[in-house]
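Reviewing the structure listed below.
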Amino acid sequence: MYKTLHTDLTDAIFTITINRPDKLNAINTQVMDELSEAVTEIYTNKEISSAIITGAGAKAFVAGADISEFQGLTKEEGQALSAKGHDIFMRIASSPKPIAAAVNGFALGGGCELAMACHFRLCTTNARFGQPEVNLGLIPGYGGTQRLTELIGRGRAIEIMLSGRMVDATEAHTMGLVNYIVVESNELLSKTRELLSIINEKAPLAVARIIECVNIAAGDGTTVGNGRTDGWEADPFGGEAGADDNSGGNGFLREQQAFGECFGTEDMKEGAAAFLEKRKPKFKGL
Ligand code: COA
């Protein structure tokens, strides 16, 4: 049972709501630990096909790491905190099941980093993104310097991180930081679910391999299969995703292998047969 998260599993979509609205859902140690557990649930629960991360209340997605826990940290403790955040956010980015961020307000510091670790982002019109750590004499510590640069380009990322300024929903959309702005804020979750429902009908092993190959292009995340060293199940669907990965991190080579691996799946045979028989495919994740 989580204390700082609310979770819901409906129609194979697992929604994780960070639930500290009085502190604008700031990520303290307990939130981080519970988020880690919830991410493990995404990997291991076969009833889950995809996930949403959002924040409680109308004001914030996540307003950052909990600044009240920063006071008195040593250099070593600061580095360990960053390493812990990196590990959890990397597991989000590496998840073979899609994880969407539904950004319902402030996504600052660790909140912006959490949204960026997700595979794509939808937001409300009141969303505000930023990496204001510089205002605290800090730098982004949960992957922000890397993921913001990868998503919006070096010049824009440096300016935003150096100024600590906030980016509104329209600018975030123009920059490619968010995929969609949902004008009616009460429709944010339903729109996010709609998008994930479309993906949930696709072949899970193909979905996992697309995420894996794109992550190599982005320099983000480990591979689903052999690249993992942390004991995660190689393929949550019981297949052999990534089993033949000896690409050495070369995305083009990995794409060739993964493309080939798809031909060994039942779902690929079903997809091609369904197309030729002019019917909807029924994918099983095999
Ligand atoms: N860590 C800890 N507490 C936080 C927090 C954070 N990152 N962000 C907000 N809070 C807390 C506030 O301290 C306040 O708590 P209180 O009511 O007990 O005093 C509560 O959340 C509400 O925030 P408040 O600042 O009063 O709301 P606001 O509407 O005036 O301002 C923000 C909203 C987001 C602009 C402002 O809260 C802010 O700048 N937060 C920090 C953002 C940040 O620097 N993040 C990166 C951290 S590394």
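When reading the values below, keep in mind they use all heavy atoms of this one structure, side chains included, and skip hydrogens, waters and symmetry mates. All values reported here derive from a predicted model rather than from experimental measurement. Each ligand, and each atom within it, is numbered from 1 in the order the structure gives.
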Is atom 20 (C) of ligand 1 less than 4.0 angstrom from at least one protein heavy atom?
yes
Protein contact to atom 42 (C) of ligand 1 [nearest heavy atom, distance to 0.1 Å]
Ala63 O, 3.3 Å
Test of understanding: given a 4.0 Å heavy-atom threshold, classify the contact between Asp22 and ligand 1 as side chain, backbone, both, or neither.
backbone
Would you please test Arg279 and Glu270 for salt bridge (Lys or Arg N to Asp or Glu O under 4.0 Å) and show each step?
CA-CA 10 Å; Arg279 62 173 173 83; Glu270 162 66 7; 2.8 Å; yes
Please report the C-alpha distance between Arg147 and Asp220 in whole Å, then the side-chain angles of each, then the deciding distance to 0.1 Å, and finally whether the salt bridge (Lys or Arg N to Asp or Glu O under 4.0 Å) criterion is met.
CA-CA 8 Å; Arg147 292 196 175 97; Asp220 198 347; 2.7 Å; yes
Checking a contact table here: which protein heavy atom is nearest atom 35 (C) of ligand 1, and how many Å away?
Met166 CE, 3.8 Å
Establish whether atom 24 (P) of ligand 1 and some protein heavy atom are separated by less than 4.0 angstrom.
no
From CA spacing to verdict: side chain to side chain contact (heavy atoms under 4.5 Å, CB included), Glu37, Thr40
CA-CA 5 Å; Glu37 273 181 56; Thr40 301; 5.5 Å; no
Inspect the surroundings of CZ in Phe120 and state if more than 12 heavy atoms from other residues, nucleotides or ligands are less than 6.0 Å away.
yes
Please tell me if atom 48 (S) of ligand 1 is touched by the protein, where touching means a protein heavy-atom distance below 4.0 Å.
yes
Does the protein place any heavy atom closer than 4.0 Å to atom 27 (O) of ligand 1?
yes
Please confirm whether the backbone N or O of Gly141 pairs with a side-chain atom of Glu113, one donor and one acceptor, at under 3.5 Å?
yes
Atom 44 (O) of ligand 1: closest protein heavy atom, distance to 0.1 Å, is Pro132 CG, 3.6 Å
Does Phe275 CZ have over 12 foreign heavy atoms under 6.0 Å away?
no
Mark up the atoms of ligand 1 that fall under 4.0 Å of a heavy atom belonging to Asp66, in ascending order.
1 (N), 2 (C)
Tell me, please: is Ala65 in heavy-atom contact with ligand 1, that is, under 4.0 Å?
yes
Any protein heavy atom sitting closer than 4.0 Å to atom 2 (C) of ligand 1?
yes
Starting from atom 34 (C) of ligand 1, what is the nearest protein heavy atom, named by residue and atom, and what distance separates them?
Leu108 CD1, 3.5 Å
Within a 6.0 Å radius of atom CD on Gln79, are there more than 12 heavy atoms belonging to other residues, nucleotides or ligands?
no
Tyr2 pairs by side-chain contact (heavy atoms from CB on, under 4.5 Å) with which of Thr7, Ile16, Leu35, Asn19?
Thr7
Heavy atom of protein closer than 4.0 angstrom to atom 7 (N) of ligand 1:
yes
Quick one: does ligand 1 sit under 4.0 Å from the side chain of Ala26, the backbone, both or neither, non-hydrogen atoms only?
side chain
Would the number of heavy atoms belonging to other residues, nucleotides or ligands and lying under 6.0 Å from CG of Asp22 be above 12?
yes
Phe70 N/O to ligand 1 N/O under 3.5 Å
no
Would Ile27 count as a contact of ligand 1 if the rule is a heavy atom under 4.0 Å away?
no
Checking Asp267 side chain against Gly285 main chain: does a donor-acceptor pair fall under 3.5 Å?
yes
Is the number of heavy atoms from other residues, nucleotides or ligands within 6.0 Å of NZ (Lys191) greater than 12?
no
To which protein heavy atom is atom 16 (P) of ligand 1 closest, and what is the distance rounded to 0.1 Å?
Lys23 NZ, 3.6 Å
Yes or no on salt bridge (Lys or Arg N to Asp or Glu O under 4.0 Å) for Arg254 and Glu261, after CA distance, side-chain angles and deciding distance?
CA-CA 10 Å; Arg254 179 67 196 119; Glu261 286 161 23; 2.9 Å; yes
Applying a 4.0 Å heavy-atom criterion (strictly less than), which segment of Glu133 is in contact with ligand 1: side chain, backbone, both, or neither?
side chain
Quiz question for you: does at least one protein heavy atom lie closer than 4.0 Å to atom 31 (O) of ligand 1?
no
Considering both backbone and side-chain atoms of Gly110, is one of its nitrogen or oxygen atoms within less than 3.5 Å of a nitrogen or oxygen in ligand 1?
no
Can you list the steps and then say if Lys282 with Glu266 is a salt bridge (Lys or Arg N to Asp or Glu O under 4.0 Å)?
CA-CA 10 Å; Lys282 278 199 184 130; Glu266 280 185 29; over 6 Å; no
So, 4.0 Å and heavy atoms of Lys59: is ligand 1 close enough to count as a contact?
yes
Quick one: nearest non-hydrogen protein atom to atom 22 (C) of ligand 1, plus distance?
Leu24 CG, 3.9 Å
